[in-house]
Amino acid sequence: MQGIGKFDDSTAHRAIWELVRNARDLSRHSHIRIELYEDKLIFAHNGRPFNFDSLSSLIKQVSSEEKEDPDAAGQFGTGFMTTHKFSRVLELFGSYEVAEGLYVSLESSDGKGFVIDRSSDDLSGMIESMTNQLSRLDELLDRETTATAEQETVFLYHLDRSDRKEAARTGVEAAIELMPYVMTINERIEQCTIQLEDGTRIDFRKENEQDTEGLHCKRIWKDRKPIDIFYLQSEDGKEIVILPLCQATEAKKLNNVPRFFIFFPLLGTEQHRINYIFHSEKFFPTEPRDLIVLPDGNSEHQNKIDADVALIDEMCTMLFEYLRKHSANISGSITLAPVGFETTAMKPAMVEYFKSLHTKWVNEFQSIPFIETTNEHVSISQTDKIKVLDHTIVEFLRKEGHEKYLKVIYDYASKVSCLPKMEEILDWSDIVFGWDPEKREWVVSVEDIVNNIIEHNNKTGLLEFLMYLKESGQTEHFRKAIIPNREGVLCPINNLRNGENIPGNLYMVIKPLVPDFTNQLVDEQYAKVYDEWVSPTREDLKTALSGFVSAEEMKPKPYRDNLDAVIDFRMTFPTSTPGNTRYKAMMIICGMHNKQLQLNHVPHLGDVDKEQLMYNVVFDSLVKWQFKQIELAATENAKWYEHNHKILYQLLNELSNKERPTAYQKTMQDYAIFPNQNGKLCKWDTLHVLADSETYKAEDIDDLSSYYERVKGEDVRDKWVDICFKDFEKFTKDKIKENVARPIDDALQESNYGSEVTLEIIKHLDSKDENWEDWFTNISKNKAEIFLHRIDDNDLPNVYTLLKDKTKIKSLAELADDPRMQEIIDAGRNTLAQKDYENRHKDFIRDLGNFAEKLLLEKLQDAISNKQLEVEVCDQQGGQDYKVWLGDKVVYYIEVKSRWSTSDSVEMSALQFKTSVEQKERYSLCIVDMTWKKAEDIAVRKYDDLETCIRHTKVLHDIGKRNEWCIDSVQDIKDRPHIGGGYSLVVPQKLVEPSGTPDFYNLIERIRYVIDGERNVKSK
């Protein structure tokens, strides 16, 4: 009654193994059959049938006294009571041995088995039931006997309640899961068949596999699937350590498998975190068979404690030795490594024992190469080769939703140390933490990762890592330089601000100007890693920009290194359609610096006028700088204004306002940026404006200005502001008569009107222009006398000569007025000289041709007449000088070139070049060297007599062959590029310098040879 009252959730697991244990004890070749149905559970075995001792012990629920088998694991003792978890009533089928060799059937005539009834809930009822069952045991003696026992003994449990059905299912599932281990440990159990409710049948059988280096293997067939169980065994075979291997070199995890067996699992020991199964038939079990007897402070069974402790030590030694030798060759070796013993609710002495056992295992395991890396297995003690993650990291990553940070943490931790594979890193970290939580040298901490990021400036995945620090509450690490600013520079959080008021396009233009300001702005993506940022305002930015401007203006050369950046900033506006002074002026300034105005719109934050002031801090300084640059540029380059007058006007115009003068107009007064009428830039207070200039002819003002300079030696335009700029300031006004004409008249009078200006003024007066008469009244009244007074006595004859032919006077006057007069005279002389040379060259070519014809006729006087042979002098532009005709056929071509300088090369025209190649066997180039003549003859290119010229003539007969390689480049081929037009071919002088070059008489011989050849061809 007490046993049944102690049933719990584990009872069903134990119950099935009590049945298997009894079956194992009753046969050395045990075959077991388990069948689960909707309403019953059948357990059958092929062991010895019941006899009086075994059946009466079962009825009375006491251990059988029959101890013939020393290897029995226990029979029908109190443990069998647990099978009543399936049913309080069971039926027994099979044989009952009434005497040695004689058996009766336990099955009654109505088909029922021998009933064991434990259904009563009170002691008297239980006693009465046992008494009745013992009486029926006597009745069995009256049944017919046989000499052969039935093959099976069957236990039938009626599953009359849902909880009992569930218990039966639980027990059967446990049998399926653990049967491979049970059959490995129990040699006696050879086969087991399990049938489930749905009719599924599972057959277990076993066979031995070959041992490998002390590792034994039992192959358990689950239907057709082999399950190999690998184990170590003591020399006497009584101790077994099962390893978590699916192959000799591949580990697996043992799930929900008790870690201690005494033939059968000691339920509850699956809570231990080691991944091995320890079995010894010498173990002493506790009751209710959930552990072996270990130190518990009870000296009454010290002998059992000592025995079990010694057995564990022996088995651990056996295991450690194997792992040290072989773990490096086992894949998935992480499953070999967990160490931990569940000590909850244990007595202090046993807790201490397991602590010492834990230490023993860790001391061994830390130096065993369990951890797989890419290339090898290493042990955790090899801290230069492997580390795992700190436990605080793992705890966080284990929580739901946090696994997303695993990869970034793994990637960063891998930069600190080699780690186990990513898919194993959390488990390995837990395992190592379970070994020894205090071993900091075994782990990569968050601080290690942070320091490594800083050291190597590794920002790959940094945002995600910082979000991990935030979510895990480790923002104290932000005090180190680990958060990037917008430039990607890692900074401590105290040095950073949230630039939410500084959008990206504003940031880009202020960055070169106020780097101390922008370097404090956190990268926009990273703003979310912290919730308490300080955000700088646009007013703060204005302050920073003011500091920048002040620093630049103190430099000897402001904005020298950052002008482009300043201009880019000045193209930033708080409205999308600006049209103010700054915008218009910036268009001009951009043009001055060859930059295209690209509007950078940064939306204002509410007060547009206030933000305009921020931008004007830099603009006002830029305007001053630009004025200074204009002033300097004009000083260095006298023509600066000539090239830039339009853009200067536009700039000053945009910065000015006639109705309401701007502050920029006041600034203009400090710089020499106002052009006078000669294009020189001056300060405004040095310039005047010509009053009423629009009422006078421009040419009259030009003439007056010229006369003023020629007479006074001063350029009046130097003090007159450029008329286009007269409205930008209030310039002092000059009047033409008082301030220009009168000083001229006074100066001329002082010089007795000897200046040429006097005549020019008289010319104006002769035109009857009232303005000139008003300006120069004195000259107007005395112009005749002044004119005659100017003619020198020596010039009078020349004047008289010119007066004789008035047409010459007009032509010479026109020529004198042309500023290129001398060029015209020189060009005319050169043209006449070239024409004279061309005539002389034609005469020379004609004489040389006649001479050649004469020589040829003399050579051939017996063969041809002068009517048949002709040396034609050609007058074709760019063609040959001579063609030698034989009858109606050209038989030879001759080109003559003269060299008048040793530095000259000979050039052949395009036609000459092509003909030389086409007629290369009948073409010669004659070069007449005239460089030996006197310099004065060379200057006018004067030829010597014909005989002398011939002596200085050399001939290139092979010029056609030499030109041949160039011909492809000038062929007019439509589908490829070629040289066209009036090109010439250069014949280097080195070709005719070598001694031995043929002379003119050799040419005559060559032509005669060609003519002979032609005549021979005709005669044939």
Side-chain angles (χ1 to χ4, degrees), residues 829-861 866 869-876 878-885 891-909 912 915-916 922-960 962 984-1011:
R829 288 172 176 168
N830 290 337
T831 301
L832 290 174
Q834 178 64 23
K835 188 173 181 180
D836 290 344
Y837 166 70
E838 289 175 357
N839 290 332
R840 287 195 301 274
H841 183 70
K842 286 181 180 180
D843 292 342
F844 171 70
I845 293 299
R846 183 190 65 247
D847 293 344
L848 183 62
N850 292 335
F851 182 70
E853 182 178 319
K854 177 183 177 184
L855 289 179
L856 285 172
L857 286 172
E858 289 176 357
K859 295 284 185 179
L860 300 169
Q861 60 182 342
N866 58 356
L869 177 67
E870 180 188 0
V871 177
E872 177 189 5
V873 178
C874 302
D875 194 21
Q876 181 181 4
Q880 290 66 234
D881 288 325
Y882 308 114
K883 292 180 183 177
V884 179
W885 291 83
V891 295
Y892 214 88
Y893 299 83
I894 305 170
E895 174 62 23
V896 179
K897 300 290 184 182
S898 298
R899 285 182 63 222
W900 295 93
S901 171
T902 55
S903 62
D904 289 344
S905 294
V906 172
E907 294 186 7
M908 299 178 70
S909 71
Q912 294 164 0
T915 305
S916 73
R922 300 169 179 247
Y923 194 106
S924 292
L925 174 64
C926 297
I927 300 174
V928 183
D929 183 12
M930 306 300 290
T931 59
W932 55 272
K933 290 175 67 62
K934 294 179 181 179
E936 55 269 24
D937 289 339
I938 290 176
V940 295
R941 297 190 176 188
K942 180 180 179 181
Y943 282 100
D944 240 62
D945 61 87
L946 185 61
E947 183 178 349
T948 301
C949 290
I950 289 174
R951 283 203 309 270
H952 289 86
T953 299
K954 293 187 177 181
V955 184
L956 293 178
H957 299 313
D958 61 349
I959 189 63
R962 291 176 181 271
S984 63
L985 182 75
V986 176
V987 181
Q989 54 183 318
K990 288 185 178 181
L991 293 184
V992 295
E993 286 178 355
S995 60
T997 303
D999 59 12
F1000 184 78
Y1001 295 103
N1002 181 271
L1003 170 63
I1004 299 301
E1005 287 299 321
R1006 182 178 176 86
I1007 297 173
R1008 185 185 66 79
Y1009 177 79
V1010 171
I1011 292 173

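The structure presented is a predicted model; accordingly, all values stated were derived computationally and were not measured. Index from 1, following the sequence.
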Inset, instruction - Taking all heavy atoms of Leu1003 and all of Tyr892, pick out the closest pair and write down the distance. - result: CD1-CE2, 4.0 Å
Just how far is it from atom [atom1] of [X] to atom [atom2] of [Y], taken to the nearest 0.5 Å?
X: Asp999; Y: Ile950; atom1: CG; atom2: CD1; answer: 10.0 Å
X: Ile959; Y: Thr915; atom1: CD1; atom2: OG1; answer: 12.5 Å
X: Asn1002; Y: Thr953; atom1: CG; atom2: OG1; answer: 12.5 Å
X: Ser916; Y: Met908; atom1: OG; atom2: CE; answer: 4.0 Å

Inset, instruction - Given side chain to side chain contact (heavy atoms under 4.5 Å, CB included), test Phe851 with Phe1000 step by step and report yes or no. - result: CA-CA 11 Å; Phe851 182 70; Phe1000 184 78; 3.9 Å; yes
Inset, instruction - Indicate the ring-plane relationship of Tyr923 and Tyr893, choosing parallel, tilted or perpendicular according to the 30° and 60° boundaries. - result: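 The arrangement is parallel - the two ring planes meet at less than 30°.
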Inset, instruction - Answer with yes or no whether the side chains of Ser898 and Tyr943 bring together a donor and an acceptor at under 3.5 Å. - result: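 Yes, side-chain donor-acceptor contact under 3.5 Å.
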Legend entry - Those residues that, when tested against Trp932, pass ring-ring contact (aromatic ring centres under 6.0 Å, His included) (two or more places apart): His952
Inset, instruction - Kindly indicate, with the supporting measurements, whether the criterion side chain to side chain contact (heavy atoms under 4.5 Å, CB included) is fulfilled by Phe844 and Leu946. - result: CA-CA 7 Å; Phe844 171 70; Leu946 185 61; 3.9 Å; yes
Inset, instruction - Go through the structure and list residues passing side-chain contact (heavy atoms from CB on, under 4.5 Å) with Glu872, not counting sequence neighbours. - result: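 Only Glu870, Cys874, Lys883, Trp885 meet the side-chain contact (heavy atoms from CB on, under 4.5 Å) criterion with Glu872.
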Inset, instruction - Without swapping roles, check the side chain of Lys897 against the backbone of Cys926 for a donor-acceptor pair under 3.5 Å. - result: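 No, Lys897 side chain to Cys926 backbone: no donor-acceptor pair under 3.5 Å.
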Legend entry - Residues Asp944 and Lys933 bridged, charged N to O under 4.0 Å: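 Between Lys933 and Asp944 there is a salt bridge, with a charged N closer than 4.0 Å to a carboxylate O.
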